[in-house]
Amino acid sequence: MTAPPFRKVLIANRGEIALRIARTCRELGIATVAVYSTPDRDSAAVRFADEAVHIGPAAPRRSYLSMPGPIEAALRCGADAVHPGYGFLSEDPDFATVCADNGLTFIGPRPEVMAAVGDKAKVRELMRAAGLPVLPGSDGAVPTLAEAERVASEIGYPVVVKAAAGGGGRGIGIARNAAELPRVLQETVALARAVFGNGEVYVERYVERARHVEVQVLGDQAGNVVHLGERDCSLQRRNQKLVEEAPSPGLDPRTRAALGEHAVAGAKAVGYTGAGTMEFLVDEAGTVTFMELNARIQVEHPVTEALTGIDLIREQIRIAAGLPLAVKQEDVRLSGAAIECRVNAEDPEADFRPAPGRLEVFDVPGGPWTRVDSGFVRGDTVPPYYDSLLAKLVVWAPTRAEALARADRALAEFVVAGPGVVTTIPLLRRLISHPVFAAGRHTTRFVHELLDG
């Protein structure tokens, strides 16, 4: 039997992604250490891991966002690597550096690469230099309102103001005319400072009706990069994704090929290693423009796994250990159609207000080609301190129509109940059965127009 890439991995995260990582580690023969805050002490990830270490109270900045906790836990337990999952410290180059300084392998890109692509204003220029199409906008951050107004007048309204350090769909404001720009700029700067600790913003042209399409890439330490096809993430509300699917419906072969080529070129240009996602907009004319590069595993990575049969967490671990990519581009085969629905503890009828509570009923669906990734089981309590994601339902079928039917069947089987608990399941069924979505004619504006008018 081949020796595992690492002996013991600490998972610096929580919930479904922590459990997802631990499962692949177990298959590889790697011991795992879970870290947990006080309300997560009885979580599924803690129960599954070989060891678990308490790192602080409920507040993320005193637990999952505090570097000393996971570092000290890793050293105390004798871990030789750290997997950050997504969110929290996953895209923090300082955390990757601290890991290295303490003899721990960070399962992700090198710190200098994370720093380069983490500034979304600067990465635009890096991608432009690499030959990727980029939306018209500012050259880097805009320091003043006057500069923002100058850029906006040159490229034309509407414009989008984005936090340079933003992510997860936050730190984005749209100004449809010059009168709106001062307010949008002020609000976006304030939010960026509060959420990301960095008030820098940049301005680019806003594409009113477009598809949000992202390409999964893998890069090893020898400079080899492959793409694993694209995912469509256009079904979103206020920049928060609700449903993801692969392949993206309606793309012609030429556009699909261009997306893959752009993604590989962009990743190579920054020396990317590990699993990453190149995000693009595709407008109604089929024009492709680069958006951003996410230097981590994505929430929606199971969609790509379903289509390719490639375990992306496994590849992350292998790459971090210095092993070559397990596949070449010509080995990648995309089969059928996959759809992921994010089941959140939120009330769509109350402006998506979080609705946590005790899960007195948590009956997940089963059946052929139906996967549920969750950090919860029946009897658990959903805490109010973190993201409201309850589970990810992922289905695969030979065709998109069959995948949609399977997703609806599985959502109908998914029963969640408890005091105060409300989920997005009814909304998800409404969205995936809507004629516009079923026909693949939706854009990023679809949910807004359907729900908000």
Side-chain angles (χ1 to χ4, degrees), residues 2-9 11-12 17 20-21 24-25 27-30 79-86 90-93 95-97 99-100 103-118 123 126-127 130-132 214-231 246 257 259-279 292-298 300-305 307-334:
T2 304
F6 298 107
R7 189 181 62 84
K8 185 182 291 186
V9 169
I11 304 167
I17 190 60
R20 165 73 186 88
I21 295 164
T24 286
C25 286
E27 292 175 7
L28 291 171
I30 301 171
D80 45 3
V82 174
H83 197 306
Y86 56 72
S90 64
E91 292 182 278
D92 190 331
F95 182 58
T97 298
C99 285
L104 300 165
T105 299
F106 179 82
I107 300 177
R110 297 188 304 276
E112 61 270 24
V113 173
M114 294 173 67
V117 304
V123 79
L126 292 174
M127 294 300 111
L132 274 66
E214 60 188 29
V215 181
Q216 180 71 60
V217 295
L218 293 171
D220 65 21
Q221 296 183 29
N224 301 304
V225 178
V226 300
H227 74 83
L228 306 182
E230 85 283 351
R231 299 183 290 252
L259 283 164
E261 292 167 4
H262 289 325
V264 170
K268 285 185 174 180
V270 297
Y272 195 87
T273 55
T277 305
M278 299 284 290
E279 303 206 4
E292 59 187 54
L293 195 171
N294 287 307
R296 53 174 167 80
I297 197 74
Q298 293 277 92
E300 58 270 24
H301 75 273
V303 172
T304 296
E305 293 180 331
L307 219 61
T308 63
I310 296 171
D311 183 333
L312 294 179
I313 302 296
R314 184 188 187 102
E315 287 303 302
Q316 281 189 297
I317 293 170
R318 285 174 44 82
I319 292 165
L323 298 174
L325 287 175
V327 293
K328 297 182 174 63
Q329 192 64 60
E330 57 267 26
D331 299 326
V332 178
R333 295 289 183 268
L334 308 178

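For this chain, numbers begin at 1 and follow the sequence in order. If you're wondering where the values come from, they're calculated on a predicted model, not measured in any experiment.
- Between L218 and L228 there is a side-chain heavy-atom pair separated by less than 4.5 Å.
- Between atom CD1 of residue I107 and atom CD1 of residue I11 there is a gap of 9.0 Å, rounded to the nearest 0.5 Å.
- Taking both residues in full, the closest heavy atoms of H83 and I21 are given as ND1-CD1, 3.3 Å, listed atom of the first, atom of the second, then distance.
- Looking at Q216, its side chain never comes within 3.5 Å of a backbone N or O of T304 through a donor-acceptor pair.
- Listed by first and then second residue, the salt bridge (Lys or Arg N to Asp or Glu O under 4.0 Å) pairs that reach into residues 265-279 are K241-E279, sequence neighbours excluded.
- Of all heavy-atom pairs between I297 and Y86, the closest is O-CB, 3.3 Å.
- For the pair F106/T97, no side-chain contact is recorded, criterion being any heavy-atom separation below 4.5 Å from C-beta on.
- For G85 against I17, the heavy-atom pair with the smallest separation is CA-CG1, 4.0 Å.
- Using a 4.5 Å cut-off on side-chain heavy atoms (C-beta onward), C25 and I317 make contact.
- Distance NE2/H301 to CD1/I310: 12.5 Å, rounded to 0.5 Å.
- With hydrogens and angles ignored, the 3.5 Å screen pairs no side-chain donor or acceptor of R7 with any backbone N or O of P4.
- Of the options L259, L132, V117, a side chain to side chain contact (heavy atoms under 4.5 Å, CB included) to M278 is made by L132 and by none of the others.
- The residues R20 and E305 are annotated as salt-bridged, a charged nitrogen and a carboxylate oxygen being separated by less than 4.0 angstrom.
- To the nearest 0.5 Å, atom CD of residue E27 and atom CD1 of residue I30 are 10.5 Å apart.
- Between M114 and P109, the shortest heavy-atom distance links the atoms SD-O, 3.6 Å.
- Put simply, the side chain of L334 reaches to within 4.5 Å of the side chain of T308, judged on heavy atoms.
- Put simply, the side chain of M127 reaches to within 4.5 Å of the side chain of V270, judged on heavy atoms.
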field: Step-by-step side chain to side chain contact (heavy atoms under 4.5 Å, CB included) determination, V113 to Y272
entry: CA-CA 7 Å; V113 173; Y272 195 87; 4.0 Å; yes
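- To the nearest 0.5 Å, atom CD1 of residue I313 and atom CD of residue E315 are 10.5 Å apart.
- With sequence neighbours excluded, the residues forming a salt bridge (charged side-chain N to carboxylate O under 4.0 Å, His left out) with E112 are R110, listed by chain and number.
- Residues F95 and A12 come closest through the heavy atom pair CZ-CB, 4.3 Å.
- A distance of 9.5 Å separates CD of Q316 from CG of D311, quoted to the nearest 0.5 Å.
- Panel note: side chain D80, backbone K8; a donor-acceptor pair is recorded below 3.5 Å.
- Side-chain contact check for Q329 versus H227: some heavy-atom pair is nearer than 4.5 Å.
- Under the 4.5 Å side-chain criterion, counting only non-hydrogen atoms from C-beta, T277 is not in contact with V215.
- Nearest approach of I319 to G219, heavy atoms of both residues: CG2-O, 3.3 Å.
- In this structure the side chain of E230 never reaches within 4.5 angstrom of the side chain of E214, judged on heavy atoms.
- The salt bridge (Lys or Arg N to Asp or Glu O under 4.0 Å) contacts involving residues 217-228 comprise nothing, where partners must be two or more places apart or lie in separate chains.
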